[in-house]
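A note on names: the letters A, B, ... follow the listed sequences, proteins ahead of strands, and every chain is numbered from 1.
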Protein chains: 2
Amino acid sequence: MADSDRGPRERMVFSAAQLLRRDGVAGTGMRQVAAHAGAPRGSLQHYFPGGKEQMVNEAVAWAGRYAARRVDRFLAGLEVPSPSGLFAAMVAQWSDELTATGSLPGCPVAAATVDSADTADSTRQAAANAFACWREPVARALTGMDVPESRSAALATLMVSALEGAVLIARAERDPAALTTVARELGPLLDGAVTRPEN
Amino acid sequence: MADSDRGPRERMVFSAAQLLRRDGVAGTGMRQVAAHAGAPRGSLQHYFPGGKEQMVNEAVAWAGRYAARRVDRFLAGLEVPSPSGLFAAMVAQWSDELTATGSLPGCPVAAATVDSADTADSTRQAAANAFACWREPVARALTGMDVPESRSAALATLMVSALEGAVLIARAERDPAALTTVARELGPLLDGAVTRPEN
DNA sequence: CCCCGATTATGACAGCGGTCATAGCGGTCG
DNA sequence: CGACCGCTATGACCGCTGTCATAATCGGGG
């Protein structure tokens with residue numbers, strides 16, 4: 001949300017991620033990205049000589065790092081750390097945006113996957129990396145909450161999957177119900193995976 | 001899969017759904033749909049006077065009905081009905097396609113949601129309807145397996161969410177691991193929701 | 001002062017997209 | 001036969017997109 005002046009290049013990557021959320025890859029033009037970032041059009045071919053594909057890939061990578069950062073921040077914000085609490089925080093980031101602003105742009109990584117997984121292989125790999133970047137801190141957080149290492153990675157995958165799917169449904173319905181439902185139903189399962197209940 | 005001769009119109013809707021899976025909404029052209037369906041180009045404005053939006057909406061609706069039909073068929077194919085068995089069958093439909101053909105086109109409903117939820121409201125509603133069409137038979141199947149009615153709808157949402165998210169990840173990674181993981185981790189939770197274990 | 005690299009400014013191009021307009025078939029029915 | 005109707009056939013238009021080519025601008029060092 002801090003779109004401040006971090007150099008025009010980073011601003012463009014950020015704007016690309018933002019527009020990707022709304023319109024998808026094919027629906028977002030490069031001129032549009034430049035305009036949204038307040039950057040001159042001539043900077044496009046200068047900063048992204050690899051063309052649109054490079055820009056999309058960087059936006060996806062940025063989103064992956066952003067998601068990972070958020071996970072760490074959620075952990076720091078939990079007074080009593082628990083898997084369900086972490087998941088609830090992850091879900092709340094999305095439902096809050098919908099209830100606050102009234103609209104729910106999707107996940108840029110999902111957009112890149114849907115739009116160009118079968119047409120641009122580098123973008124597909126960028127999306128895979130982003131998902132990995134995201135799941136990794138989640139899995140590590142779970143092991144830190146006494147979830148056995150053998151399951152923490154799998155549960156992280158489940159959490160991200162359920163979240164992404166719920167975002168899709170909530171977006172289609174313009175209703176955060178799917179998000180809250182998933183958080184409520186999945187929470188107990190996650191907490192049940194801790195070996196020594198610490199409460 | 002049965003692209004047979006059900007009239008050119010239905011063939012075009014089917015082809016649209018198929019192309020949507022791979023290239024998304026903006027990445028799929030109407031001429032391309034006609035060509036894929038072996039239909040004359042002039043039929044486009046004749047059968048879809050509402051333009052691309054109408055075509056996409058019908059493809060999405062078709063996909064929703066198709067998913068619902070599949071759920072019923074999965075139920076019929078289960079010797080011992082159980083929530084985890086149903087979910088495993090739903091997941092297997094996707095992982096099997098990836099392992100068999102080597103590639104994994106996504107879900108057309110997800111594509112429509114990602115690409116035009118914020119730009120074409122009728123498409124957004126079509127996607128919401130498709131999700132509802134899909135979850136409804138799942139929820140009903142759960143109640144038929146002695147899952148309390150209060151939870152069956154929520155669990156159906158969770159199942160569809162987790163599946164959609166796992167499809168995304170598997171598509172990005174070109175690896176069905178996320179799908180099998182989600183099925184394995186979510187199965188016990190689902191079976192734990194039956195009041196009287198029938199086994 | 002002048003050169004130089006980084007950045008920006010334009011303009012053009014070729015392609016494709018959806019959509020409209022118009023006309024042509026090929027039957028069937030009155 | 002002539003009228004109507006479902007369907008098809010083209011062709012054109014306009015807007016947009018990604019990309020390239022070329023030149024201008026600007027801030028600092030040599």
Legend entry - Phosphate contact (C:dT7 OP1 or OP2) by A:His46 side-chain N/O below 4.0 Å: yes
Legend entry - Separation of D:dT17 C1' from A:Arg41 CZ (nearest whole Å): 11 Å
Inset, instruction - Find the distance A:Leu19:CG to D:dG18:P and express it as a whole number of Å. - result: 12 Å
Inset, instruction - Calculate the interatomic distance between B:Gln32 atom CD and C:dT19 atom C1'; express it in whole Å. - result: 18 Å
Legend entry - A:Arg73, CZ atom: more than 12 neighbouring heavy atoms under 6.0 Å: no
Inset, instruction - Taking the side chain as every heavy atom from C-beta outward, state whether A:Leu75 and A:Leu86 have any atom pair closer than 4.5 Å. - result: yes
Inset, instruction - Please report, rounded to the nearest Å, how far the C1' atom of C:dC20 is from the CG atom of B:Leu44. - result: 13 Å
Inset, instruction - Identify which nucleotide among D:dG18, C:dT8, C:dT19 has an atom closest to any side-chain atom of A:Arg31, counting heavy atoms from C-beta outward. - result: D:dG18
Legend entry - Between B:Glu97 and B:Gln93, a side-chain donor and acceptor under 3.5 Å: no
Legend entry - OP1 or OP2 of C:dT8 under 4.0 Å from side-chain N/O of A:Ser43: yes
Legend entry - Distance, rounded to the nearest Å, where A:Met55 contributes CE and D:dT17 contributes P: 11 Å
Legend entry - Spacing between A:Gln54 atom CD and D:dG18 atom P, to the nearest angstrom: 14 Å
Inset, instruction - Round to the nearest Å and state the distance from A:Lys52 atom NZ to C:dC16 atom C1'. - result: 13 Å
Inset, instruction - For A:Gln125 and A:Asn129, test the side chains for any donor-to-acceptor distance below 3.5 angstrom and give the result as yes or no. - result: no
Inset, instruction - Take the protein atom CE of B:Met30 and the nucleotide atom P of D:dT8, then report the distance between them rounded to whole Å. - result: 14 Å
Legend entry - First encountered from the 5' end of DNA chain D, between A:Pro49 and B:Tyr47: B:Tyr47
Inset, instruction - Take A:Gln45 and A:Gly29, find for each the nucleotide of DNA chain D with the closest heavy atom, and name the residue whose nucleotide sits nearer the 5' end. - result: A:Gly29
